[in-house]
A.B. asks: 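The structure under discussion is supplied below as structure tokens; questions concerning it will follow.
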Amino acid sequence: MTSLEKLMRHFERFPGVGSRQARRFAFHLLTEPTEELTEFSELVKTIRSTVVECTSCFRFFSENGHGMLCPICASTIRDHTKLMIVERDSDIDAMERSHMYDGLYFVLGGTVPLLESVETKKLRGGALKHTVQTRLTEGLSEIILAFSVNPDGENTTRYIQSLIRELLGEKPVTVSELGRGLSTGSELEYADPETIKFALKNRSATL
């Protein structure tokens, strides 16, 4: 296998990238100036040492010398009584662009496919339960389930509900999910800010 073919194979492993796109990416790099390629390769080589995972919400952020909490979790002006559970880091970026949510987040690390339960082993179910238990002692008042409006997202919502139901018991904590400002089949990551605003405003209690 040539180096070009190996590069294409690597691009194909990226989420949402097919063989045709991988081929376009690889050939695009061949047209870039040498200095651009050098910078690109250096960024790839050092990303694991310059980007860290938040010990609270599990999102990745650029290490800034201020510990292992991301700026959102470390902020004193965020509402620590609200916790939004999302599938991946990019969903947080989409939500922040809406400027409608001021609470904290938790990155689950994926969804629960409707026809496969094995995927739950890869998710942070145990860490989520620990986070909820900790937040309960700190005045947690609402948990927002913010998953894509598709079968896997809806199945993940049911999974989370079953996971935290016993923890919450009779405690005065609202469990809600985003309103249907998001069209069926849409992914949160790609939703525009106005759509997210509507979905947040119209979220409904589920537990």
A.B. asks: Determine the minimum heavy-atom distance between Ala26 and Leu4, stating which atoms define it.
C.D. replies: CB-CD1, 3.9 Å

A.B. asks: Taking all non-hydrogen atoms of both residues, which atom of Ala146 and which atom of Leu178 are closest, and how far apart?
C.D. replies: CB-CD1, 3.8 Å

A.B. asks: Is there side-chain contact between Leu136 and Leu168, with at least one heavy-atom pair below 4.5 Å?
C.D. replies: yes

A.B. asks: Give a yes or no answer on whether the side chain of Arg78 reaches the backbone of Gly103 with a donor-acceptor pair at less than 3.5 Å.
C.D. replies: yes

A.B. asks: Is there a side-chain contact between Ile77 and Asp102 in this structure, where contact means two heavy atoms from C-beta onward sitting under 4.5 Å apart?
C.D. replies: no

A.B. asks: I need the minimum non-hydrogen distance between Ser56 and Phe106, along with the two atoms involved.
C.D. replies: O-CD1, 4.0 Å

A.B. asks: So Leu163 and Leu128, do their side chains get closer than 4.5 Å, heavy atoms only?
C.D. replies: yes

A.B. asks: Does a salt bridge link Arg59 with Glu87, judged by any charged N lying under 4.0 Å from a carboxylate O?
C.D. replies: no

A.B. asks: With the side chain counted from C-beta on, respond yes when Arg135 and Val132 share a heavy-atom pair under 4.5 Å apart, and no when they do not.
C.D. replies: no

A.B. asks: Contact between Leu167 and Lys129 at the side-chain level, heavy atoms closer than 4.5 Å - yes or no?
C.D. replies: yes

A.B. asks: Pair Glu42, Val44 - check side-chain contact (heavy atoms from CB on, under 4.5 Å), show working.
C.D. replies: CA-CA 5 Å; Glu42 188 63 25; Val44 172; over 6 Å; no

A.B. asks: Of the non-hydrogen atoms in Ala22 and Glu12, which two are nearest, and what is the gap between them?
C.D. replies: CB-CG, 3.5 Å

A.B. asks: Only counting residues at least two apart or in another chain, list the ones meeting ring pair (Phe, Tyr, Trp, His ring centres under 6.0 Å) with Phe11.
C.D. replies: Phe14, Phe25

A.B. asks: Give, for atom CZ of Phe147 and atom OG1 of Thr156, the distance between the pair rounded to the nearest 0.5 Å.
C.D. replies: 5.5 Å

A.B. asks: I'd like to check Ile72 versus Glu96 (side-chain heavy atoms, cut-off strictly below 4.5 Å). Are they in contact?
C.D. replies: yes

A.B. asks: Do Leu37 and Leu30 share a hydrophobic cluster (ILVMFWY, side-chain heavy atoms under 4.5 Å, transitive)?
C.D. replies: no

A.B. asks: Check for me, please, whether Leu7 and Phe40 land in the same ILVMFWY cluster - side-chain distances under 4.5 Å, paths through other members count.
C.D. replies: yes

A.B. asks: Just how far is it from atom OH of Tyr101 to atom NZ of Lys82, taken to the nearest 0.5 Å?
C.D. replies: 6.5 Å

A.B. asks: Minimum heavy-atom separation for Thr2 and Glu5, please, with both atom names.
C.D. replies: N-OE1, 2.9 Å

A.B. asks: Quick check for you: to the nearest 0.5 Å, what is the distance between Thr157 atom OG1 and Asn155 atom CG?
C.D. replies: 8.5 Å

A.B. asks: Suppose the criterion is salt bridge (Lys or Arg N to Asp or Glu O under 4.0 Å): which pairs have a residue in residues 22-31, not counting sequence neighbours?
C.D. replies: none

A.B. asks: Step by step, would you call Glu142 with Thr81 a side-chain hydrogen bond (donor to acceptor under 3.5 Å, both in side chains)?
C.D. replies: CA-CA 7 Å; Glu142 183 179 12; Thr81 68; over 6 Å; no

A.B. asks: Which atom pair, heavy atoms only, marks the closest approach of Cys73 to His80?
C.D. replies: O-CE1, 3.8 Å

A.B. asks: Could you tell me whether Glu166 atom CD has more than 12 heavy atoms of other residues or ligands within 6.0 Å of it?
C.D. replies: no

A.B. asks: Salt bridge between Glu53 and Arg48, side-chain N to carboxylate O under 4.0 Å?
C.D. replies: no

A.B. asks: Can you check whether Arg9 reaches Met1 side chain to side chain, under 4.5 Å on heavy atoms?
C.D. replies: yes

A.B. asks: What distance do Leu145 atom CG and Tyr159 atom OH have between them, rounded to the nearest 0.5 Å?
C.D. replies: 12.5 Å

A.B. asks: Under the side-chain hydrogen bond (donor to acceptor under 3.5 Å, both in side chains) rule, collect the residues that match up with Asp93, sequence neighbours excluded.
C.D. replies: none

A.B. asks: Under 3.5 Å, side chain of Ser75 to main-chain N/O of Pro71, donor-acceptor pair present?
C.D. replies: no

A.B. asks: Donor-acceptor pair, Asp89 side chain versus Phe60 backbone, under 3.5 Å?
C.D. replies: yes

A.B. asks: Taking side chain as C-beta onward, heavy atoms only, is Ser3 less than 4.5 Å from Lys6?
C.D. replies: no

A.B. asks: What do you reckon, is CD1 of Ile47 surrounded by more than 12 foreign heavy atoms closer than 6.0 Å?
C.D. replies: no

A.B. asks: Could you give the distance from CG (Leu83) to OG1 (Thr134), rounded to the nearest 0.5 Å?
C.D. replies: 10.5 Å

A.B. asks: I need the Glu39 CD to Glu32 CD distance, nearest 0.5 Å.
C.D. replies: 10.0 Å

A.B. asks: Could you go through the side-chain contact (heavy atoms from CB on, under 4.5 Å) check for Leu69 and Thr55 one step at a time?
C.D. replies: CA-CA 6 Å; Leu69 289 179; Thr55 54; 3.7 Å; yes

